[in-house]
K.L.:
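Dumping the structure here so I can ask a few things about it.
Source: prediction; values computed, not measured. Both counts, for ligands and for their atoms, begin at 1 and track the order of listing.
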Amino acid sequence: MSYRAMPKVELHLHLEGGAPPAFIRGLAKEKNIDISGIFDEQGGYLYRDFEHFLQVYEAACTTLTGPEEFRRLTLAVLEESAAHGVVYSETFVSPDFCGGGDVGAWREYLAAMVEAADEAERTMGITLKGIVTCIRHMGPEQAKTAAKCAAETKGDFIVGYGMAGAEMVGRPGDFAYSFDMAREAGLRITCHAGEWGGPDMVADTIRDLAPERIGHGINAIKDLALVDQIAEQGIVLEVCPGSNVFLNAVPSWEAHPIAKLRDRGVKVTVSTDDPPFFHTTMTDEFDMLARTFGWEEEVLSELNQTALDAAFCDDKTKEAVAKRLAAG
Ligand code: ADE
Ligand code: ZN
């Protein structure tokens, strides 16, 4: 049994990280950019570990030189997502890769993404919203620039603010100013934490950045009092099991804490993170959860409902997506 056809909601997808390698190779060829070193013999992305993954990711991004490239990227990513039953998706987008933090340039990139999202909604039946994401290893000052871009463009498409990148750089409190700026502009907040950092990093993120959702958060499992706090506060985890296994953040699917977190009352959702980088899809995630934990359709539907409840979009969009989920 494959869960490919099941309508799904995905909350944690990096737009550039969804770029099919053939798409990036094509752009590199068009622009005469030599990034042949980031591909393996089969044409997939090649990297050694998480740190190297971030370098390869940024090298791939050098081919995304303007708004038109982001329009094409958005369409390519949504085509893949829609093919795996995703009807609603939230994607991380970074002004750092879209005009270097200049608000005017950012608006142009954004318009191109929105054009693609509108086309995909019409032709593929998938709705996309954006979460502006600062890159942790670029530091707190750059994060403020990203937050300014986010605050200036909050609207129907940009609904949230978050942080990705190398988790071991700095502490969450270093980034509080940018998160406060985004929150004051009315953006909803999520933040990567506990993918590589321990429970202390998750706890500090909750204390200093007050996110409604946490990207990954899996290492909270090492402190059950923290797990209970997350459950009590209703903080939603954007769990990406395939990513965690592929990057060796956990040793195997069997060892993944998603089921333990859910059993203890945490609201968990499932996403792909950077699907072609981790050789996964939303279908693979659902199929592996069913196979590993014996989760049947009822539990898998609950994951989608939890994700929809935690989505940052407006109520009208939620109602429309709820109908898609109910239609099965
Ligand atoms: N950027 C893209 N994927 C990421 C991940 N899994 N963790 C942190 N930053 C990222
Ligand atoms: Zn991520």
Side-chain angles (χ1 to χ4, degrees), residues 10-21 24 38 44-62 64 70 73 77 80-81 86 89-98 129-139 142-143 146 160-172 175 178 189-198 201-202 205 209 211-220 236-250 256-258 268-282 285 307 310 312:
E10 176 162 41
L11 298 181
H12 188 121
L13 172 71
H14 299 261
L15 188 60
E16 307 88 4
I24 294 294
I38 72 167
Y45 294 114
L46 176 69
Y47 53 90
R48 291 181 300 276
D49 51 23
F50 178 65
E51 205 173 310
H52 191 211
F53 156 77
L54 290 175
Q55 289 167 15
V56 166
Y57 189 107
E58 285 175 25
C61 286
T62 61
L64 299 163
F70 269 83
L73 169 67
V77 171
E80 262 309 293
S81 294
V86 178
S89 180
E90 288 183 8
T91 188
F92 298 122
V93 286
S94 303
D96 302 284
F97 298 132
C98 299
K129 300 291 175 189
I131 298 173
V132 170
T133 307
C134 68
I135 313 282
R136 188 164 178 156
H137 53 269
M138 295 184 182
Q142 196 75 357
Y161 181 74
M163 177 160 70
E167 191 182 338
M168 304 320 284
V169 174
R171 296 300 299 182
F175 298 87
S178 68
I189 302 296
T190 177
C191 186
H192 284 61
E195 178 188 18
W196 304 104
M201 192 69 85
V202 178
T205 300
L209 306 179
E212 294 174 56
R213 305 189 329 219
I214 291 178
H216 301 282
I218 52 171
N219 286 335
V236 174
L237 300 190
E238 305 157 2
V239 186
C240 309
S243 158
N244 299 147
V245 173
F246 198 84
L247 284 174
N248 264 321
V250 298
H256 198 284
I258 186 169
V268 296
T269 64
V270 171
S271 296
T272 55
D273 211 5
D274 307 283
F277 280 89
F278 308 139
H279 302 275
T280 188
T281 64
M282 279 295 268
E285 298 292 327
F312 289 165

K.L.:
Got the closest protein heavy atom to atom 7 (N) of ligand 1, with its distance?
P.N.:
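The closest one turns out to be Glu195 OE1, 2.7 Å.
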K.L.:
When you measure from the side chain of Glu167 to the backbone of Gly197, do you find a donor-acceptor pair of N or O atoms at a distance under 3.5 Å?
P.N.:
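Yes, the answer is positive, given that a donor and an acceptor are paired below the 3.5 Å cut-off.
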K.L.:
If you compare all heavy atoms of Met282 against all heavy atoms of Thr272, which two are closest, and at what distance to 0.1 Å?
P.N.:
N-CG2, 3.5 Å
K.L.:
Return the closest protein heavy atom for atom 9 (N) of ligand 1 as residue, atom name and distance.
P.N.:
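That would be Gly165 N, 2.9 Å.
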K.L.:
For atom 1 (N) of ligand 1, what is the nearest protein heavy atom, given as residue, atom name and distance?
P.N.:
His14 CE1, 3.5 Å
K.L.:
Please name all residues satisfying ring-ring contact (aromatic ring centres under 6.0 Å, His included) with His279, sequence neighbours left out, ordered by chain then number.
P.N.:
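Result, ring-ring contact (aromatic ring centres under 6.0 Å, His included) vs His279: Phe246.
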K.L.:
Heavy atoms only, cut-off 4.0 Å: how does Phe92 contact ligand 1, side chain, backbone, both, or neither?
P.N.:
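The answer is neither; Phe92 stays 4.0 Å or more away.
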K.L.:
Under 2.8 Å from the Zn ion (ligand 2), how many protein N/O/S atoms do you get? Just the number, please.
P.N.:
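That number is 4, waters not included.
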K.L.:
Please state whether Phe53 comes within less than 4.0 angstrom of ligand 1, counting heavy atoms only.
P.N.:
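For ligand 1, residue contact (heavy atoms, under 4.0 Å) with Phe53 is present.
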K.L.:
Return the orientation label for the His12 and Phe92 ring planes: parallel under 30°, perpendicular over 60°, tilted otherwise.
P.N.:
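Geometry flag for Phe92 against His12: perpendicular rings.
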K.L.:
Looking only at protein heavy atoms, identify the closest one to atom 6 (N) of ligand 1 and say how far it is in Å.
P.N.:
Asp273 OD2, 2.7 Å
K.L.:
Please identify each residue that fulfils ring-ring contact (aromatic ring centres under 6.0 Å, His included) with Tyr47, with sequence neighbours left out.
P.N.:
Phe53
K.L.:
Output yes when a side-chain donor or acceptor of Thr269 lies under 3.5 Å from a complementary backbone atom of Leu237, and no otherwise.
P.N.:
yes
K.L.:
What's the shortest heavy-atom distance between Ile214 and Ala193, and which atoms?
P.N.:
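Shortest heavy-atom contact: CG2-O, 3.6 Å.
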K.L.:
Can you list the atoms of ligand 1 that are under 4.0 Å from a heavy atom of Phe50?
P.N.:
5 (C), 7 (N), 8 (C)
K.L.:
Could you walk me through whether Asn219 and Met201 satisfy the side-chain contact (heavy atoms from CB on, under 4.5 Å) test, starting with their C-alpha distance in whole Å, then the side-chain angles of each, then the deciding distance to 0.1 Å, before giving a yes or no?
P.N.:
CA-CA 9 Å; Asn219 286 335; Met201 192 69 85; over 6 Å; no
K.L.:
Mind checking whether Val239 and His256 have side chains closer than 4.5 Å, heavy atoms only?
P.N.:
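A side-chain contact exists here, since the closest heavy-atom pair is under 4.5 Å.
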K.L.:
For ligand 1, is any non-hydrogen atom under 4.0 Å from His216's backbone (N, CA, C, O), its side chain (CB onward), both, or neither?
P.N.:
side chain
K.L.:
To the nearest 0.1 Å, how far is atom 3 (N) of ligand 1 from its closest protein heavy atom, and which atom is that?
P.N.:
Asp274 OD2, 2.7 Å
K.L.:
List every atom of ligand 1 that sits less than 4.0 Å from any heavy atom of Tyr57, numbering the atoms from 1 in the order shown and giving each element.
P.N.:
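Once the distances to Tyr57 are compared, the set is 2 (C).
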K.L.:
Apply salt bridge (charged side-chain N to carboxylate O under 4.0 Å, His left out) to Glu16 and list each qualifying residue two or more places apart in sequence or on a separate chain.
P.N.:
none
